[in-house]
There are 2 protein chains.
Amino acid sequence: MKPRRGALPYCVGVLREQLSSPTPVSLAAFLNGHVRSCDVLVQVVAECEVEYAGRALSTADAGCYVVMVKCDGSLQIHGARGVKPVNWQPRTDDVSAFVEEGRCVLVASRRSPEEVVKVTFHDVHLALALELEEAGFTLSGSEKDMQEALARSPHVIEQGLTVLDRELLVGVGGIDLYALDRDGRLVVVELKRARAGHEAVHQLARYVAAVRLQVPHREVRGILAAPSVTAPAREALTRQGLEFVEVTALAKSEPAAMQGALF
Amino acid sequence: MKPRRGALPYCVGVLREQLSSPTPVSLAAFLNGHVRSCDVLVQVVAECEVEYAGRALSTADAGCYVVMVKCDGSLQIHGARGVKPVNWQPRTDDVSAFVEEGRCVLVASRRSPEEVVKVTFHDVHLALALELEEAGFTLSGSEKDMQEALARSPHVIEQGLTVLDRELLVGVGGIDLYALDRDGRLVVVELKRARAGHEAVHQLARYVAAVRLQVPHREVRGILAAPSVTAPAREALTRQGLEFVEVTALAKSEPAAMQGALF
DNA sequence: TGATAGATTTCGAAC
DNA sequence: GTTCGAAGTCTATCA
């Protein structure tokens, strides 16, 4: 790595390069040099304005933001508040910087959908190139985990339930759990990892209708399995002759143990 | 601002404070001193591991991440790829740092839902406190804009249409546009800024049913207005005696002009 | 490539 | 606080 104007002496290891108050030319060179480099995350803290054109149009007035370009070409511009960036681009086909009218401009574009984010830098306070490491990540408690757990222990939903299939496709969309109750009736189970609203009821109703259409001679039950339901959703269930069963998303011991470990 | 161990000389303006390779004690002091300060965004680049317990459970193995805490208490931990952080917490009730077994630990928690994110710092490369500025932001092309435009020019949907109401509440949810056609029939219009799927059809059907219930003696039409529909959604519309009208989300001239301005 | 559904969705508005 | 729906949602999966 050759040192640049404004580069600091401790640019080793994770911190590949740091520029303090770079000129537009050196910022553009810095950006073009590091963007999309393997495992390098580029960050610029600057007064800048941001324009977006694509599925919608937006303008962020000149203000101080943190601009982040990751090695996969994703771009995000963070303001003072919120997890969500002010502007972003999850995938880009091209990210490049240039100097225009004495200012460094970063343009990130993608086709399909055709979109552009343009960042015009005014005062640049800091530019960093960081070399991050990928590390293992595990998540549990998704709907998929819940489905696997209930497929192993269907009695949690109802005594005598036998699972016939998971992710059974009926027309469009898939039935989370397709089962047989103790009386030989078909059971369509729709799972929700969190409180269920009427969309969940609608989904369940669609699947039940699809099964009834395919198997007209059999009785078909519909069960919404979730940790809780909203009141209107429960009414909708009752109205349509569907059922609700309370199931907790995570094994009860797990979160408690985790909470204990954290405090 | 009093200078800390490792603080750099150019800590003025936007860059409130910068620490290079701080000790666990100084990092904890730094975090507790800056977190939730007005307009201050705190960032730490470090080898760390992250645990999350709440709606789900997750663990990120020790690796190099960018940890960001904004002044509203939101937390996000970014890895090398993607706009989405590895871990995050959109709202927190408490963010605090302390030293545990010789390591700085950051804990961000919230009640309702009860959630905790714990970051254990190993090697800390950089810690920044940045003072960001809020600036104006405008977005156009949202469904709300579309609704306003169509309320002004309902003939775009159909000749002779008269808008009676917008966001009319019927039971749960609101009718985007409630209108009267040239023959005096009531018209429920559901808008979508992007391609509409069967959820949009379901929404429309619910609203139409609600209006028919409230006004049993009147004929009620249902129109889905969107730039396009999926094939299954179109079938569902036909099946339920509902209609589709193609409306483009943005005025055709706008995006083209914007694109031109950007390149 | 298109369609569907999940997501620790986030975010904001209405009640 | 609850409920609901939009979002520039994003992302993975499957036909």
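In this text, all values refer to a predicted model and were calculated from it rather than measured experimentally. Below, read A as the first sequence line, B as the second, and so on, with proteins coming before strands; counting in each chain starts at 1.
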Checklist entry - Using a distance-only test with no angle check, is there a side-chain donor-acceptor pair under 3.5 angstrom linking A:Ser58 and A:Asn87? => result yes

Next on the checklist: Within the 3.5 Å criterion, strictly below it, is a donor on B:Thr92 or B:Arg36 matched to an acceptor on the partner's side chain?
Outcome noted: yes

Nearest-Å distance once atom [atom1] is located in both [N] and [M]:
| N | M | atom1 | answer |
| --- | --- | --- | --- |
| D:dC4 | D:dG8 | P | 22 Å |
| C:dT10 | C:dG6 | C1' | 14 Å |
| C:dT8 | C:dT4 | P | 22 Å |
| D:dA6 | D:dC10 | C1' | 14 Å |

Checklist entry - Does B:Glu143 pair with B:Arg193 as a salt bridge, N-O distance under 4.0 Å? => result no

Item to check | Salt bridge present between B:Arg81 and A:Asp39 (N-O < 4.0 angstrom) | outcome: yes

Checklist entry - Does A:Glu199 CD have over 12 foreign heavy atoms under 6.0 Å away? => result no

Taking [atom1] from [X] and [atom2] from [N], how many angstroms apart are they, rounded to a whole number?
| X | N | atom1 | atom2 | value |
| --- | --- | --- | --- | --- |
| A:Lys144 | D:dT11 | NZ | C1' | 15 Å |
| A:Glu115 | D:dG8 | CD | C1' | 6 Å |
| B:Lys192 | D:dG5 | NZ | P | 9 Å |
| B:Glu143 | D:dT9 | CD | P | 11 Å |
| B:Glu190 | D:dA6 | CD | C1' | 10 Å |

Checklist entry - Of the residues in residues 81-94 of chain A, which ones touch DNA chain D at a heavy-atom distance under 4.0 Å? => result A:Lys84, A:Asn87, A:Trp88, A:Gln89, A:Pro90, A:Arg91

Checklist entry - Are B:His202 and A:His198 near enough that their ring centres are under 6.0 Å apart? => result no

Checklist outcome for this item: 5'-most to 3'-most nt of DNA chain C touching chain B (<4.0 Å, heavy-atom partner on protein side) reads C:dA3 to C:dC15

Checklist entry - When rounded to the nearest 0.5 angstrom, what is the spacing between CG in B:Leu106 and CG in B:Leu75? => result 6.0 Å

Item to check | A:Leu177 and A:Leu150: CA distance, side-chain angles, deciding distance, side chain to side chain contact (heavy atoms under 4.5 Å, CB included) verdict | outcome: CA-CA 9 Å; A:Leu177 289 175; A:Leu150 291 174; 3.9 Å; yes

Checklist entry - Would you find a donor on one side and an acceptor on the other, under 3.5 Å apart, between the side chain of B:Asp94 and the backbone of B:Ser109? => result no

Under 3.5 Å between N/O atoms: give me all the protein pairs with nucleotides 2-4 of chain D, atom names plus distance.
residue, atom, partner, partner atom, Å
D:dT3, OP1, A:Arg195, NH2, 2.6
D:dT3, OP2, A:Arg195, NE, 2.5
D:dT3, OP2, A:Arg195, NH2, 3.0
D:dC4, OP1, A:His198, NE2, 3.2
D:dC4, OP2, A:Thr230, OG1, 3.2

